[in-house]
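Structure, as structure tokens:
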Amino acid sequence: MYRYLPIKDIYAREILDSRGNPTIETEVLTEDGTVGCASVPSGASTGRYEAKELRDKEKQDRYCGRGVELAVNHVNDQIAREVIGMNVYDQLEIDRLLVRIDGTEDKSNLGANAILGVSMAAAKAAAKSLDIPLYRYLGGVHTKRMPVPMMNVLNGGRHADNIIDFQEFMLMPVGACCFKEGLRMCTEVYHMLKALLKGRGYHTGVGDEGGFAPDLPDTDSVCKILLEAIETAGYIPGKEIALALDAAASEIYDRDYGKYVFVGESRGREKKVTRSTEELIDYYAELIEKYPIVSIEDGLEESDFSGWELMTARLGLQTQLVGDDLFVTNSKRLAKGIDCNAANAVLVKVNQIGTLSEAFDTICLAEENGYRSIISHRSGETADTTIADIAVAFGTGQIKTGAPCRSERVEKYNRLMKIEEEIGMEAEYKNPFMDGK
Ligand SMILES: O=C(O)[C@@H](CO)OP(=O)(O)O
Ligand SMILES: [Mg+2]
């Protein structure tokens, strides 16, 4: 027997995310008066195979995005009816029940957004009622590994109104001694990058995740200025700060044409710049040769398992190849990837799958098969910091949560600094590429 604390009430409401679009905030109240509150993020470059975020049919006049009143009603009616009375400490049972009452493969009935809010708020209420931090509640007493940030300092693709074809250019402070130092190093480079861009007449407005969004013509010029920023800030590229990319290749793939189309890079040229799967892999090989790129996410499009297999055979030994749209945090899709040696890491976004327990299952499957896991935010975020705790709880060793200048991203970084302080001397921070994990 263990402690039993029934859920007394569940209440969801519509709030706004960092892009000014509606999203859900959910509260779970327990019999002892504890309230756990969680809000749900939302993507722009969403994967085709993600669990479905339920949005209202009609666009609301007062918002630019479609509302989530339908999903809110599902929480307040159907879900509340079933989940009230359950033991808040039975996370697995709560999550399994949510999946069952939805009844679909992709959670399109109740909505992954409706389900996730309840899953996260229940965990937060449980932790709070025990008066222990969320990372400890989810991860246990031995939780101590801090994640290396993948700090997105330059935005392109669907996250910015510029001409850069790839979506994200990130800094990884692999040579730092602790999370706090890593965060400081990247932030210094971020400020240096701003000065360099400004000095060269580029605008320094930011994209959805807080990275700068200048009109740099191609990936080469982005990598060059990033290296310059790292060096001018006083760090050694590769050794102290490495680079990571999210190509978000599904967004530039032309299905009819069967090739990747680089619209930005084509500007001012007579012929459109396109690359076949093999050519794109060659292009990555060249980039890795020239720049200290340690990780490439969504290097190929989301359905092309055989292309991924090819890319992994070619680049997988020296480079982390991350499946985001490819795996969508779904253990079945990850299992398929493992079977054919596609990728060697999985991006974990809780709203891609809908419950904490399913995200955890995916991380365990990755771990068992020598794949790394990276906890990630979405491009549309809120002040909710649950992913910071999850990254520490599940000991994934890496987190992707944007630039240090938009508060919905900074909240996560600040939460991680607090966690590191709490864990104290026992906190562990290591280069994820040094120990094969
Ligand atoms: O592609 C990604 O990895 C994410 C987060 O950076 O973007 P979005 O939330 O728009 O899918
Ligand atoms: Mg991605």
Side-chain angles (χ1 to χ4, degrees), residues 17-21 23 39-53 55 65 112-113 116 147 149-161 164-172 206-213 243-253 260 284 293 295-304 308 320-330 333-334 337 343 345-354 359 362 372-382 384 386-388 390-391 396 398-406 408-409 412-413:
D17 74 10
S18 57
R19 266 195 287 252
N21 291 326
T23 189
S39 50
V40 177
S42 177
S45 64
T46 42
R48 232 210 272 195
Y49 306 101
E50 288 189 24
K52 295 289 169 282
E53 173 186 77
R55 294 228 165 241
N113 43 351
L116 180 67
M150 280 185 157
M151 185 186 279
N152 182 3
V153 293
L154 221 135
N155 295 185
R158 289 284 292 268
H159 293 173
D161 284 330
I164 297 174
D165 296 304
F166 288 161
Q167 185 177 280
E168 298 167 31
F169 293 84
M170 297 170 277
L171 305 173
M172 292 192 74
V206 299
D208 286 356
E209 299 188 353
F212 301 113
L243 299 182
L245 308 182
D246 180 359
S250 300
E251 301 293 333
I252 56 167
Y253 186 65
Y260 297 87
Y284 292 136
I293 297 170
S295 178
I296 299 176
E297 178 183 327
D298 280 353
L300 294 174
E301 67 104 17
E302 60 206 342
S303 309
D304 185 12
W308 273 87
Q320 172 171 269
L321 300 171
V322 187
D324 169 16
D325 292 349
L326 179 73
F327 296 141
V328 291
T329 316
N330 183 317
R333 286 190 65 85
L334 176 61
V346 55
L347 201 76
V348 175
K349 293 166 165 168
V350 279
N351 82 321
Q352 274 183 333
I353 190 67
T362 301
R372 296 193 192 95
S373 301
I374 300 141
I375 301 294
S376 171
H377 65 165
R378 298 305 308 243
S379 49
E381 269 292 335
T382 68
D384 189 293
T386 308
I387 62 162
I390 292 178
T396 56
Q398 298 177 69
I399 190 168
K400 185 170 109 148
T401 191
C405 91
R406 291 184 54 137
E408 75 279 3
R409 321 282 150 186
K412 277 80 163 168
Y413 287 127

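Remember, it's 1-based here, ligands and their atoms both numbered in the order they're listed.
Looking at heavy atoms from C-beta onward, I293 lies in side-chain contact with L245 at the 4.5 angstrom threshold.
At a heavy-atom cutoff of 4.0 Å, ligand 1 is surrounded by G43, A44, S45, H159, Q167, E168, E209, D246, E297, D324, L347, K349, H377, R378, S379, K400.
A side-chain donor-acceptor contact under 3.5 Å links Q352 and D324. At a cut-off of 3.5 Å, with distance as the only test, a side-chain donor of T386 or D384 sits close to an acceptor on the other residue.
In this structure, Y49 has no ring-ring contact (aromatic ring centres under 6.0 Å, His included) partners at least two apart in sequence or on a different chain. F169 is linked by a ring-ring contact (aromatic ring centres under 6.0 Å, His included) to nothing, counting only residues two or more places apart in sequence or in another chain.
Around the Mg ion (ligand 2), the protein N, O or S atoms found under 2.8 Å comprise D246 OD2, E297 OE2, D324 OD2.
Using a cut-off of 4.0 Å between Lys/Arg side-chain N and Asp/Glu carboxylate O, K349 and E50 are scored as not salt-bridged. R378 and E53 are not joined by a salt bridge, as no carboxylate oxygen comes within less than 4.0 angstrom of a charged side-chain nitrogen.
Partner of E209 under the side chain to side chain donor-acceptor pair (under 3.5 Å) criterion, out of H377, R406, R409: H377 alone.
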F327 and V322: side-chain contact (heavy atoms from CB on, under 4.5 Å), yes or no, with the steps? CA-CA 9 Å; F327 296 141; V322 187; over 6 Å; no
